[in-house]
Visitor: 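Sharing a structure here in structure tokens format.
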Amino acid sequence: MKKPFHLAWFLSQGYGPKSWRSAWPGSDLQRWMMPDIFVDLAQGLERGCFDYIIIEDSSNVPYTYRGNHDTYLQYGASAPKLDPAVLVPYLAMATKNLGIVPTLSVSEYPPYLLARLVNSLDHVTEGRIGWNCVTGSNDGAAQNYGHEKHRPHDERYDVADEFAEVVTKLWEAWEPDAVVLDREKPMFADGSKVHPINYEGKYFKCRGPINAPRSPQGRVPICQAGGSPRGQRFASRWADTIITNAPTVEHMKAYREEVRQGAVAAGRNPDDIKVLFLAQPLIDVSMEAARDRRRLEEVDGMKHIDSTLSSMSRITGIDFSKFDLDEPLPPTLTTNGHQSTLAKWIGKTPRALARTATAKQGIDFTGTPDHVAGVMQEIMEEVGGDGFLMFNPYFDRRYVMEVCDGLVPELQRRGLTRKAYAHKHLRDNLLEF
Ligand SMILES: Cc1cc2nc3c(=O)[nH]c(=O)nc-3n(C[C@H](O)[C@H](O)[C@H](O)COP(=O)(O)O)c2cc1C
């Protein structure tokens, strides 16, 4: 029996409008802020026994592209977004096993507030929460929190290191058996088993303890996407699951190998970190039907090239409207945003990058369930594990069914992904294989 791989879902563009431009918008289009379509998605993912869903987030209306916010608002891209933590209980109530991973930024939350929120969510979901730990992308978000701009890129990871220390200490401040609940004595909790953390670092100071007992998972699984050398060092130290975008199988293999070596250097077992690769499948009843839909997506993407360019601008702080569409991007470009992402674009033209993005080039996951399952199988055999992070920023209900009721059953039939959850907690499901 071959080793199965993991599946997760990236709710790209966060808790925002999804299918409003698709051919299947649903009759509740105006009510995009209601949890309904996200609940339908979560239930589909649970049918497919996915490990978790990440709720992406950013917290500003960007204005990097052309120096104003019009393009972002025109496409409903990167704005509006509701707070991901609000969606979590709705998804939790509608499912029993699916892990739920909100994005919460170390540049926006104070550590105590984040530790308390995540601890509370882990309690009410009975151990199904993870934390997508991000450091910030765009100065516009920093400006909403009283700063002129973000801290320098690598320093943000120094902050994140301290932040993660504070948060994990708070999560573990109550010993597992601190709650006694002895009615006779009476003793609700044993004070000798609840410890202040007295943390004093360069960036943060926190007395603790947290004012709630240890949650079911205690130390909640951390998800991370650091791609730069400093980001990878952070991820190797702290992450339980790493999400990344790799254009080829060779890149996937090399990236996973680097992460695993980084884990060993940080004194960890590399098998404790599950690396999941982004994949945007397009499934239909025949290869022709699927390819035709992909072609139509590409036509639409090139017609609205400013949508892609504006999103590239948001995550790098570089206004891509200023570059000739057909001139390669110069090697002198730098960013205080997503460094590893920009590095992949240097030397390519904006038009080619937009085409790549809209045609989902790189690895092609277009076809019948049988074909796409075969592609995924071959990739995992070559890469060595650990799984895929599926996404579609503007998914509709039809897409959910195609993936969860078309592709996933084929993966399961081949013995590649789980058919039933073995555990209640997200961490245990991640460590199952
Ligand atoms: C799949 C994926 C999801 C991400 N989700 C978010 C997010 O929700 N919010 C955010 O600010 N950054 C997000 N990022 C950005 C990463 O946190 C990170 O900044 C990026 O991968 C660049 O890595 P670097 O900071 O080491 O250069 C995501 C990245 C990837 C690949």
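Counting begins at 1 with the first residue of the sequence. Atoms within each ligand, like the ligands themselves, are counted from 1 in listed order. Source: prediction; values computed, not measured.
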Visitor: Treating Lys202 as the side-chain partner and Asp158 as the backbone partner, does any N or O pair qualify as donor plus acceptor under 3.5 Å?
Guide: no
Visitor: List in chain and number order the residues that pass side chain to side chain contact (heavy atoms under 4.5 Å, CB included) with Asn144, two or more places apart in sequence or in another chain; answer none if no residue qualifies.
Guide: Asn60
Visitor: Counting only heavy atoms not in His251, do more than 12 sit closer than 6.0 Å to its NE2 atom?
Guide: no
Visitor: Give every residue pair that meets the ring pair (Phe, Tyr, Trp, His ring centres under 6.0 Å) criterion with at least one member in residues 122-149, sequence neighbours excluded.
Guide: Trp131-Phe163
Visitor: Can you spot which of Arg418, Lys424, Lys3, Arg427 makes a salt bridge (charged side-chain N to carboxylate O under 4.0 Å, His left out) with Glu432?
Guide: Arg418
Visitor: Name the residues in contact with ligand 1, where contact means a heavy atom under 4.0 Å away: which are they?
Guide: Phe10, Glu56, Asp57, Thr103, Asn132, Val134, Ser137, His153, Tyr157, Ala225, Gly226, Gly227, Ser228, Gly231, Ile243, Leu278, His338, Gln339, Ser340, Leu389
Visitor: Counting only pairs under 3.5 Å, give me each side-chain donor-acceptor contact of residues 82-99, with atom names and distances, residues two or more places apart or in other chains.
Guide:
unit_1, atom_1, unit_2, atom_2, d
Asp83, OD1, Ala85, N, 2.9
Thr95, OG1, Leu91, O, 2.7
Thr95, OG1, Arg128, NH1, 2.9

